[in-house]
S.K.: 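Mind having a look at this structure? Questions to follow.
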Amino acid sequence: MQATTTYLDRVRPAIEEVGERFATLVSAAPDPSLRIRHSDWTVSEATAHVVTVAPRYADGPEGRGTWVQDPKALPELNQGQIRGLGTHSMAELAAQLRQDLAALGDQVAGYGLAPPSFRFHGGELVPADVALGILLGELVVHGCDIAQAVHQPWPIDPGHVALILEGLVPIV
């Protein structure tokens, strides 16, 4: 009898791969003060945002963290969390992201075949494993933004896009 491949079995390696690419990209960013196109953020701020977002996905299934009922309040939450992170080098941010992503993968895997759900921004109920698809989207999109700002390639795997879309289903 063949084992079933779970969503977590598919999304976790994608997060590991893209998370490492993201961390490597930002560690090598020549000028963290460069502006992200079509954004108020710099490379450093976009990186800090991703670093602050990763722990939300660990907090949610444990009934912790800050989640906004009205998605229009999300920019204010993001800015507050970026400010709360303080000033760190790009290497420190990359190291923190690597650590948080590894811990999150272990945490969600530890739930087994019945991961808990939590209320995401806007109040929609999202299973912890499926929420990782949304986090993968954060890594892919912000990685692309940063790569454009620092003039580096950022190929996007179509299989990762499929995982992101699957992760978004509960909130759209």
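These numbers come from the heavy atoms of this one structure, side chains and all, not from hydrogens, waters or symmetry mates. Count residues from 1 along the sequence.
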S.K.: With salt bridge (charged side-chain N to carboxylate O under 4.0 Å, His left out) as the rule and sequence neighbours excluded, what pairs involving residues 87-105 come up?
M.R.: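 Qualifying pairs: Glu20-Arg98.
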
S.K.: If I take atom CG from residue Leu97 and atom OG1 from residue Thr47, how far apart are they, to the nearest 0.5 angstrom?
M.R.: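 That separation rounds to 9.0 Å.
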
S.K.: Is Val50 reachable from Val141 through a run of hydrophobic residues whose side-chain heavy atoms are each under 4.5 Å from the next?
M.R.: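 No, it is not one cluster - the side chains of Val141 and Val50 are not joined through contacts under 4.5 Å.
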
S.K.: Using a cut-off of 6.0 Å, state whether more than 12 heavy atoms not belonging to Leu125 lie near its atom CG.
M.R.: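 Count over threshold, so yes.
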
S.K.: So, taking the atom named CD in Glu138 and the one named CZ in Phe22, what distance separates them when rounded to the nearest 0.5 Å?
M.R.: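 It is 9.5 Å, given to the nearest 0.5 Å.
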
S.K.: Do the ring planes of Tyr57 and Trp67 sit parallel (below 30°), tilted (30 to 60°) or perpendicular (above 60°)?
M.R.: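 The rings of Tyr57 and Trp67 stand perpendicular, inter-plane angle above 60°.
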
S.K.: How long is the gap from OG1 on Thr66 to CG on Asp59, to the nearest 0.5 Å?
M.R.: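 Between Thr66 OG1 and Asp59 CG, I get 8.0 Å after rounding to 0.5 Å.
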
S.K.: Per the side-chain hydrogen bond (donor to acceptor under 3.5 Å, both in side chains) rule, what does the pair list look like for residues 112-122, sequence neighbours excluded?
M.R.: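 As it turns out, the side-chain hydrogen bond (donor to acceptor under 3.5 Å, both in side chains) pairs with a partner in residues 112-122, which skip direct neighbours, are Arg56-His121.
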
S.K.: Say whether Val53 and Leu101 are linked into one hydrophobic cluster, either directly or through other cluster members, by side-chain heavy-atom distances under 4.5 angstrom.
M.R.: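 Per the 4.5 Å side-chain linkage, Val53 and Leu101 are co-clustered.
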
S.K.: Determine whether Ser27 and Met90 make a side-chain contact, defined as any pair of heavy atoms from C-beta on separated by less than 4.5 Å.
M.R.: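 Counting from C-beta outward, Ser27 and Met90 never come under 4.5 Å.
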
S.K.: Any non-hydrogen side-chain atom of His49 less than 4.5 Å from a side-chain atom of His142?
M.R.: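 Side-chain contact under 4.5 Å: yes.
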
S.K.: Check the hydrophobic clustering (I, L, V, M, F, W, Y; side-chain heavy atoms under 4.5 Å; chains of links allowed) and say if Leu34 and Leu93 are grouped together.
M.R.: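 Result: yes, single cluster for both.
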
S.K.: If hydrophobic clusters are built by linking Ile, Leu, Val, Met, Phe, Trp and Tyr wherever their side-chain heavy atoms come under 4.5 Å apart, do Leu77 and Leu135 end up in the same one?
M.R.: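 Different clusters.
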
S.K.: Does Glu45 form a side-chain contact (heavy atoms from CB on, under 4.5 Å) with Thr42? I'd like the steps, not just the answer.
M.R.: CA-CA 5 Å; Glu45 290 165 330; Thr42 62; 3.4 Å; yes

S.K.: Answer yes or no: is there a side-chain heavy-atom contact under 4.5 Å between Val130 and Leu8?
M.R.: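 No, their side chains stay 4.5 Å or more apart.
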
S.K.: Report the C-alpha distance between Thr6 and Asp129 in whole Å, list the side-chain angles of each, state the deciding distance to 0.1 Å, and finish with yes or no for side-chain contact (heavy atoms from CB on, under 4.5 Å).
M.R.: CA-CA 9 Å; Thr6 66; Asp129 58 339; 5.7 Å; no

S.K.: Is there side-chain contact between Glu62 and Pro116, with at least one heavy-atom pair below 4.5 Å?
M.R.: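 No, too far: nothing below the 4.5 Å cut-off.
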
S.K.: Would you indicate whether the side-chain heavy atoms of Ile82 and Gln79 approach each other to under 4.5 Å?
M.R.: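 A side-chain contact under 4.5 Å exists here.
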
S.K.: In a table with atom names and distances, give each donor-acceptor pair under 3.5 Å that connects a side chain of residues 154-172 to protein atoms at least two apart or in another chain.
M.R.:
residue : atom : partner : partner atom : Å
Trp154  : NE1  : Val140  : O            : 3.1
Asp157  : OD1  : Gly159  : N            : 2.6
Glu166  : OE1  : Arg10   : NH1          : 3.2
Glu166  : OE1  : Arg10   : NH2          : 3.4
Glu166  : OE2  : Arg10   : NH2          : 3.0

